[in-house]
K.L.:
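Sharing a structure here in structure tokens format.
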Amino acid sequence: MTIRSDHSYKVSQLNKSLCWGGKFNVQYVASVNGGASDDVKKGVNKAIALCENNMVDRIDITIERSTDDESLNYGSFIFSLFLVPLLESSGYQIKVVKNKFISKGTIVLSRNISPWYIFLIPNYFFGTSHEDLIFEEVLNHILEVEEQEKLYAIEKNRPTVSSEKKFRNVFRECSFDLYECAMNEAIKHRLKIAIQIEKKDNKIISDLAELRERLNTKEKNFAHGCFCRTNPDPNLFSKCPVESDFDSICEDNYNCNQLKPGDNSCGITFWNQLIKLEKKLKDGKFNDYYLKEKIKEQLAIMHLKIIIN
């Protein structure tokens, strides 16, 4: 795995993730190159700790040290006096198993070295924390296994856990990121099924209530220009000219609703116009980051309203 500049952001986003959890069984398999490092073990423990360990399911995690590590020797150390830096790497095979569901992959942990650094500081290795890299990799595999289980249960109509526990995470995931929830087809599919179960069981789930509250707040506070807001104020129109294509289609929608109150055709027309405008932005017809974000936000609100309400 290469170290990327956006790694800290990815780790922060993963920290918001939730998994069902269960009874974790972690096995570290050594090779001729030795066992797992302390950073690797800390990364695995960090991933497990993020899960909600109140389920009875057994989750097996295997971390196997690779036999083809690349390490430094005395000759390469001397040679690097002229060609710096050198690279030392260690590889691991990671496998997460839960019942019939499996997710696995390979991760290479590397760090650079320059002998010149021994004259300046004792620790001449430098790079990114391996703990965070392992945390990211292991948690992604845990989430992948549980995603497989969710989709299997949906397809076979045989939930492997109770309805309340099975779908609680999708409500929380959407609360963390409304935009991703509205635009990701897999998450939307899970959300629709979860809503159906909630209505069928006639139960109020606190996570769903929180998601609805977040969406209502986002809708209430949404504003762009004069017309793109929940309750446009006609008194402002004379002092607030239409300044964008988005504001223009909002104006059309407002006028339509005034002429035909309660007519669904107004909302459908507005939706189609908004989709066309978003495509226009994606195609690079004009470049306005703020406008792109506002259109994306409005579409997310509209998508989720259809599902949740």
K.L.:
Given 3.5 Å as the limit, does a donor-acceptor pair link the side chain of S103 with the main chain of V145, or not?
P.N.:
no
K.L.:
Would you tell me whether H130 and S90 have side-chain atoms, one donor and one acceptor, within less than 3.5 Å of each other?
P.N.:
no
K.L.:
Hey, what do you get for C250 versus C226: SG atoms under 2.5 Å apart or not?
P.N.:
no
K.L.:
According to a hydrophobic-cluster definition based on side-chain heavy atoms being under 4.5 Å apart (Ile, Leu, Val, Met, Phe, Trp, Tyr only), do L211 and L299 belong together?
P.N.:
yes
K.L.:
What I'd like to find out is whether the side chain of I48 reaches to under 4.5 Å of the side chain of I59, using heavy atoms alone.
P.N.:
no
K.L.:
Are F222 and I306 connected, step by step, through hydrophobic side chains (Ile, Leu, Val, Met, Phe, Trp, Tyr) whose heavy atoms are closer than 4.5 Å?
P.N.:
yes
K.L.:
Has R212 got a side-chain atom pairing as donor or acceptor with I308's backbone, closer than 3.5 angstrom?
P.N.:
yes
K.L.:
Using 30° and 60° as the class boundaries, would you call the ring planes of F227 and Y254 parallel, tilted or perpendicular?
P.N.:
tilted
K.L.:
Between K95 and D60, is there a salt bridge with N-O shorter than 4.0 Å?
P.N.:
no
K.L.:
Any non-hydrogen side-chain atom of K305 less than 4.5 Å from a side-chain atom of I301?
P.N.:
yes
K.L.:
Starting from V138, can I reach F101 by hopping between I/L/V/M/F/W/Y residues whose side chains sit under 4.5 Å apart?
P.N.:
yes
K.L.:
Checking side chain to side chain contact (heavy atoms under 4.5 Å, CB included) for the pair H303/I307: CA distance, chi angles, key distance, verdict?
P.N.:
CA-CA 7 Å; H303 273 290; I307 299 173; 5.6 Å; no
K.L.:
Dump the intermediate steps for side chain to side chain contact (heavy atoms under 4.5 Å, CB included) on T269 and N253, then the final yes or no.
P.N.:
CA-CA 8 Å; T269 300; N253 186 50; over 6 Å; no
K.L.:
Could you tell me if the side chain of Y28 sits less than 4.5 Å from the side chain of I61, heavy atoms only?
P.N.:
no
K.L.:
Can you check whether Q298 reaches M302 side chain to side chain, under 4.5 Å on heavy atoms?
P.N.:
yes
K.L.:
Hey, does K276 have a side-chain heavy atom less than 4.5 Å from the side chain of I249?
P.N.:
no
K.L.:
Specify whether Y290 and H224 have parallel, tilted or perpendicular ring planes, treating 30° as the upper limit for parallel and 60° as the lower limit for perpendicular.
P.N.:
tilted
K.L.:
Check for me, please, whether I102 and L143 land in the same ILVMFWY cluster - side-chain distances under 4.5 Å, paths through other members count.
P.N.:
no
K.L.:
Tell me whether K296 at atom NZ has more than 12 heavy atoms from other residues, nucleotides or ligands lying less than 6.0 Å away.
P.N.:
no
K.L.:
Applying the 4.5 Å side-chain criterion to the ILVMFWY set and letting contacts propagate, would L191 and Y179 be lumped into a single cluster?
P.N.:
no
K.L.:
Under 3.5 Å, side chain of K294 to main-chain N/O of A223, donor-acceptor pair present?
P.N.:
yes
K.L.:
Applying salt bridge (Lys or Arg N to Asp or Glu O under 4.0 Å), which residue pairs with at least one partner in residues 250-259 are found, sequence neighbours left out?
P.N.:
none
K.L.:
Can you tell if the side chain of I63 reaches within under 4.5 Å of the side chain of I134, non-hydrogen atoms only?
P.N.:
no
